[in-house]
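This report concerns only the one structure given below.
Numbering of residues begins at 1 and proceeds along the displayed sequence. Just so it is clear, the model here is predicted, and its values are computed rather than measured.
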Amino acid sequence: MGMGRKLIGTLLLALALAGCSRAPQGETVRFWAMGREAEVVTDLVADFEKENPGIHVDVQNIPMTAAHEKLLTAFAADGLPDVCQLGNTWLPEFATLDALEPLQPFVARSKVVDPADYFTGVWDTNVVDGTLYGVPWYVDTRLLFYRKDLLAEAGVKQAPQTWAEFEQAMAAIKRHVGPDRYAILLPLNEFEQQLSFALQQDDPLLRDHNNYGNFRSPGFRKALAFYANMFEQGWAPKLSETQISNVWYEFFNGFYVFYLSGPWNVREFRLRQPPGMEGKWGTMALPGPNGPGAGIAGGSSLVILRKSQHKEAAWKLIEYLSRPQVQARFHAVIGDLPPRRSTWRFPSLADDPLAKAFGEQLERVRPTPKVLEWERIVQEMRLVTERVVRGGESQEAAVQELDKRVDEILAKRRWIWQQAHAAQAAPAEAKR
């Protein structure tokens with residue numbers, strides 16, 4: 001009986017030791033990524049672990065629809081990961097919460113991450129109040145998909161580069177296609193179109209340290225007038241995307257010639273293009289008021305969480321995912337656009353005519369205002385501009401209403417800003 005117990009004890013000890021030998025050695029870096037990106041990055045992480053046998057990366061896939069709430073819950077519970085994929089419109093919010101590690105010291109000594117190699121507007125989305133908090137992972141912007149053949153049939157010989165040329169092209173298309181077809185599709189349930197045109201203006205969208213709306217400015221008024229005119233002229237249908245059965249089918253069916261959308265649709269249009277349509281459609285950069293125009297600097301960045309106990313290992317992972325050749329692999333699998341210019345010289349992008357316009361557009365992208373309330377603000381912009389298009393509200397009433405709504409959203413921000421500056425002023429007054 002005693003021998004049996006001793007044998008069982010020996011076997012249990014051996015099993016325990018065997019289990020220990022299989023456990024990851026060294027540090028474990030917790031990495032939260034979202035949606036399709038999380039699925040794809042797993043293969044890249046496996047190669048990173050081979051290069052760095054002392055580091056194990058635990059990738060957790062966070063559903064995009066629940067990501068924001070999960071991040072805030074984890075912050076409140078002190079349960080954030082070491083590294084996280086963070087949309088660049090969310091980054092100011094988590095910077096304000098003091099949840100993110102400043103990355104400039106890491107970048108300053110890095111031989112991989114070179115700020116000069118990144119598209120300027122994209123890199124700028126990661127800088128909040130002068131502090132760098134993220135490294136761009138992939139980028140997103142909006143430009144025009146268009147039917148080259150229908151544009152030529154309408155007598156337009158070259159792609160428009162200015163608003164005036166764009167309006168002339170749309171007028172010519174509408175005359176050619178008749179009352180039941182259109183020059184452009186601008187779904188009313190999306191804000192990216194209005195935002196793109198507004199970012200092409202010199203006037204900022206918020207004023208006075210981002211504490212008030214600036215939608216009554218001459219710049220936004222011009223952008224709104226340009227946008228609304230496309231519907232007034234009948235160049236664009238007053239429809240939401242949900243009212244169109246299949247945007248790809250309708251594009252190839254000639255229901256519209258121009259469609260403002262993002263890089264993921266390159267793959268979708270290619271998959272759905274009917275026989276004989278090869279070369280008859282393409283992508284083009286956004287026209288601007290006086291020449292090729294600015295666009296939205298969207299996408300996601302990689303951040304290190306301030307309370308991480310594995311910051312050096314986390315930075316190694318960010319450096320690995322930032323290598324141009326790794327970004328080229330990532331693009332080849334998922335289609336996300338890389339933020340580094342050097343990656344665009346790889347054949348998969350350099351030899352792709354549909355990618356070329358995105359590369360050109362990325363040189364002119366601009367960041368949106370870096371306030372944690374931005375996503376609420378941009379939805380108010382969409383709702384108010386939709387009332388102009390659908391309900392016939394005057395543009396003057398719209399900009400007045402929009403500034404009023406935005407000022408209400410920013411009330412707490414103004415209070416915090418005023419308190420912070422009052423506290424800064426107090427020591428100066430005391431010295432006098």
If the threshold is 4.0 Å, N to carboxylate O, is there a salt bridge linking [X] and [Y]?
X: Arg36; Y: Glu39; value: yes
X: Arg323; Y: Glu51; value: yes
X: Glu380; Y: Arg376; value: no
X: Arg216; Y: Glu396; value: no
X: Arg109; Y: Glu312; value: yes

Is there side-chain contact between [X] and [Y], with heavy atoms separated by less than 4.5 Å?
X: Glu93; Y: Leu72; value: yes
X: Pro160; Y: Gln168; value: no
X: Glu319; Y: Ser110; value: yes

With sequence neighbours excluded, residues passing salt bridge (charged side-chain N to carboxylate O under 4.0 Å, His left out) with [X]:
X: Glu363; result: Arg341
X: Lys311; result: Glu101
X: Glu268; result: Arg272
X: Lys157; result: none

Between Phe145 and Phe251, is the ring centre distance below 6.0 Å?
->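 Not under 6.0 Å, so no.
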For a quick check under 3.5 Å, do [X] and [Y] share a side-chain donor-acceptor pair by atom type?
X: Trp137; Y: Gln85; value: no
X: Thr28; Y: Asp58; value: no
X: Trp264; Y: Asp140; value: no
X: Gln361; Y: Thr141; value: no

Cation-pi, Trp32 ring and Lys70 (6.0 angstrom, 45 degrees) |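 Positive - Lys70 is close enough to the ring of Trp32 and near enough to its axis.
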Just jot down the ring-ring contact (aromatic ring centres under 6.0 Å, His included) partners of Phe358, sequence neighbours excluded, or say none.
->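 Not a single residue meets the ring-ring contact (aromatic ring centres under 6.0 Å, His included) criterion with Phe358.
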Partners of Tyr182 by ring-ring contact (aromatic ring centres under 6.0 Å, His included), sequence neighbours excluded?
->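 With neighbours one apart ignored, the set is Phe255.
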Where does the angle between the aromatic ring planes of Phe269 and Tyr259 fall among parallel (under 30°), tilted (30 to 60°) and perpendicular (over 60°)?
->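 Answer is perpendicular, since the angle exceeds 60°.
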Kindly check if the number of other-residue, nucleotide or ligand heavy atoms within 6.0 Å of NZ (Lys316) is above 12?
->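 Counting other residues, nucleotides and ligands, NZ of Lys316 stays at 12 neighbours or fewer.
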What residue pairs, at least two apart or across chains, pass salt bridge (Lys or Arg N to Asp or Glu O under 4.0 Å) with a residue in residues 192-208?
->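 Sorted pair list: Arg142-Glu192.
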Salt bridge (Lys or Arg N to Asp or Glu O under 4.0 Å): which pairs involve residues 286-306, sequence neighbours left out?
->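 As it turns out, the salt bridge (Lys or Arg N to Asp or Glu O under 4.0 Å) pairs with a partner in residues 286-306, which skip direct neighbours, are Asp98-Arg306.
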What residue among Leu205, Thr89, Leu206, Asn88 forms side-chain contact (heavy atoms from CB on, under 4.5 Å) with Thr368?
->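 In the set Leu205, Thr89, Leu206, Asn88, the residue that makes a side-chain contact (heavy atoms from CB on, under 4.5 Å) with Thr368 is Thr89.
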For residues 328-338, pull every pair meeting side-chain hydrogen bond (donor to acceptor under 3.5 Å, both in side chains), keeping only residues two or more places apart or in separate chains.
->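 Non-adjacent pairs meeting side-chain hydrogen bond (donor to acceptor under 3.5 Å, both in side chains): Asp47-Arg329.
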Using a 3.5 Å cut-off and no angle test, enumerate the donor-acceptor pairs between side-chain atoms of residues 225-234 and protein atoms at least two apart in sequence or in another chain.
from   : atom 1 : to     : atom 2 : distance (Å)
Asn229 : OD1    : Gln233 : NE2    : 3.1
Asn229 : ND2    : Glu167 : OE2    : 3.4

Got a sec, which pairs hit ring pair (Phe, Tyr, Trp, His ring centres under 6.0 Å) with one end in residues 77-96, sequence neighbours left out?
->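 Residue pairs passing ring pair (Phe, Tyr, Trp, His ring centres under 6.0 Å), neighbours aside: His68-Trp90.
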N/O donor-acceptor pairs under 3.5 Å from side chains in residues 347-355, not counting sequence neighbours:
from   : atom 1 : to     : atom 2 : distance (Å)
Asp352 : OD1    : Arg270 : NH2    : 2.6
Asp352 : OD1    : Leu354 : N      : 3.0
Asp352 : OD2    : Arg270 : NH1    : 3.3
Asp352 : OD2    : Arg270 : NH2    : 3.4

